[in-house]
Amino acid sequence: MPKRVDHQQRRREIAEALFRIAAGRGLQGVTLRAVAAEAGISMNLVQYYFPAKEDMLRFGWQRIVELSAERAAGGITRALESGDERAVVRAYLTGVLPSDERGRMLCAVQIAYFAVDVTRGEQDQEPLLPHLVRAVAEQIRTAQALHRASPDVDAQHEADALATMAAGLVSGVMVGAYTPEQAERLVDYRLDRLFPSRPH
């Protein structure tokens with residue numbers, strides 16, 4: 001019997017080749033031919049799955065969003081189970097930080113996409129930061145309703161500011177301005193003011 005091909009897995013393998021190129025050379029180094037060579041498959045096979053470079057880049061971005069969510073999911077789930085809104089917000093913010101080589105590669109690819117604004121502005125694409133902003137704003141509102149967060153802040157604006165800070169910390173860690181531990185301490189510094197400790 002002929003071997004059954006997992007087409008979704010093949011697309012993901014091609015995306016991984018795209019990531020390796022983009023992490024080192026940016027998206028300008030990504031071509032169908034270069035990705036085929038990096039993946040060790042034929043150009044025709046790449047074109048079978050992605051007839052145009054734009055199709056491949058679009059799938060690559062969708063895959064980055066999926067992988068980023070998967071990497072943060074464990075910490076977020078544990079924080080949600082704790083019922084502590086501050087812990088949930090912290091898990092979302094620190095979950096985007098590159099803490100290992102895999103994380104650094106994925107962040108480098110995200111930065112490559114941001115640099116040329118490929119596919120992110122299209123309505124059929126899932127953006128990265130707006131999802132984080134919505135989740136953080138929801139947690140802040142919940143904490144305010146329970147008197148566990150400062151009532152004086154605008155939850156939406158604070159969530160936007162925290163997401164922007166997290167994005168900046170990603171870049172800071174990537175260029176060596178901060179270690180992941182230092183970046184986490186900066187997150188805690190901001191959250192300590194948003195979620196002040198209260199006597200029991």
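Atoms considered below: every heavy atom in the structure, side chains included; atoms not considered: hydrogens, waters and symmetry mates. Model, not experiment: these values are computed from the prediction.
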Side chain to side chain contact (heavy atoms under 4.5 Å, CB included) partners of E181, counting only residues at least two apart: T179, R185
Listed partners of R141 passing salt bridge (Lys or Arg N to Asp or Glu O under 4.0 Å), at least two apart: none
Worked check of side chain to side chain contact (heavy atoms under 4.5 Å, CB included) between V109 and W61: CA-CA 9 Å; V109 177; W61 178 255; over 6 Å; no
For A17 against V35, the heavy-atom pair lying closest together: CB-O, 3.8 Å
Inter-residue atom distance R11.CZ - Q9.CD, 0.5 Å rounding: 11.5 Å
Trace of the salt bridge (Lys or Arg N to Asp or Glu O under 4.0 Å) decision for R78 with E81: CA-CA 5 Å; R78 288 189 294 274; E81 290 171 349; over 6 Å; no
Donor-acceptor pair between Q110 and S68 side chains, under 3.5 angstrom: yes
Pairwise distance CZ(R63) to CZ(F59) - rounded to 0.5 angstrom: 6.5 Å
Beyond-backbone contact of L18 with L57, side-chain heavy atoms, under 4.5 angstrom: yes
Expected output: side-chain R148 to main-chain Q144 donor-acceptor under 3.5 Å: no
Shortest non-hydrogen contact between L27 and A22, atoms and distance: CD2-CB, 3.8 Å
R190 vs L186 side-chain heavy atoms within contact, under 4.5 Å: no
For the student: nearest non-hydrogen atoms of L191 and L93, plus distance: CD2-CD1, 4.3 Å
Donor-acceptor contact below 3.5 Å, side chain D55 vs main chain A52: yes
From L194 atom CG to I140 atom CD1, the distance as rounded to the nearest 0.5 Å: 5.0 Å
Side chain to side chain donor-acceptor pair (under 3.5 Å) contacts touching residues 27-40 (sequence neighbours left out): R20-E38
Intermediate values then yes/no, side chain to side chain contact (heavy atoms under 4.5 Å, CB included), F19 and I64: CA-CA 9 Å; F19 297 161; I64 281 288; 3.6 Å; yes
Closest heavy-atom pair and its distance - A79, A91: CB-CB, 4.1 Å
Audit row: L162, L132, side chain to side chain contact (heavy atoms under 4.5 Å, CB included) steps and yes/no: CA-CA 9 Å; L162 289 170; L132 186 151; 6.0 Å; no
For the student: nearest non-hydrogen atoms of V187 and L169, plus distance: CG2-CD1, 3.8 Å
Interatomic spacing from OH in Y49 to CZ in R12 - rounded to 0.5 Å: 13.0 Å
Interatomic distance, D84 atom CG to F195 atom CZ [nearest 0.5 angstrom]: 8.0 Å
Test salt bridge (Lys or Arg N to Asp or Glu O under 4.0 Å) applied to D188 - qualifying residues, sequence neighbours left out: R86, R90
Nearest atoms (heavy-atom pairs only) where I21 meets G29: CG2-O, 3.4 Å
Value rounded to 0.5 Å, distance of CZ in R10 from OH in Y48: 10.5 Å
Can you list, pair by pair, the side-chain donor-acceptor contacts under 3.5 Å of residues 99-107, counting residues two or more places apart and other chains?
from: D100; atom 1: OD1; to: R71; atom 2: NH2; distance (Å): 2.8
from: D100; atom 1: OD1; to: R102; atom 2: N; distance (Å): 3.3
from: D100; atom 1: OD1; to: G103; atom 2: N; distance (Å): 2.7
from: D100; atom 1: OD2; to: R71; atom 2: NH2; distance (Å): 3.3
from: R102; atom 1: NH1; to: E16; atom 2: OE1; distance (Å): 2.9
from: R102; atom 1: NH2; to: E16; atom 2: OE2; distance (Å): 2.8
from: R104; atom 1: NH1; to: V173; atom 2: O; distance (Å): 3.4
from: R104; atom 1: NH2; to: M174; atom 2: O; distance (Å): 3.1

Contacts of Y178 that satisfy ring pair (Phe, Tyr, Trp, His ring centres under 6.0 Å) - sequence neighbours left out: none
Parallel, tilted or perpendicular: ring planes of Y92 versus H131, cut at 30 and 60 degrees: perpendicular
K53 side chain vs L32 backbone, donor-acceptor pair below 3.5 Å: no
Step-by-step side chain to side chain contact (heavy atoms under 4.5 Å, CB included) determination, Q47 to N44: CA-CA 5 Å; Q47 289 181 306; N44 287 341; 3.8 Å; yes
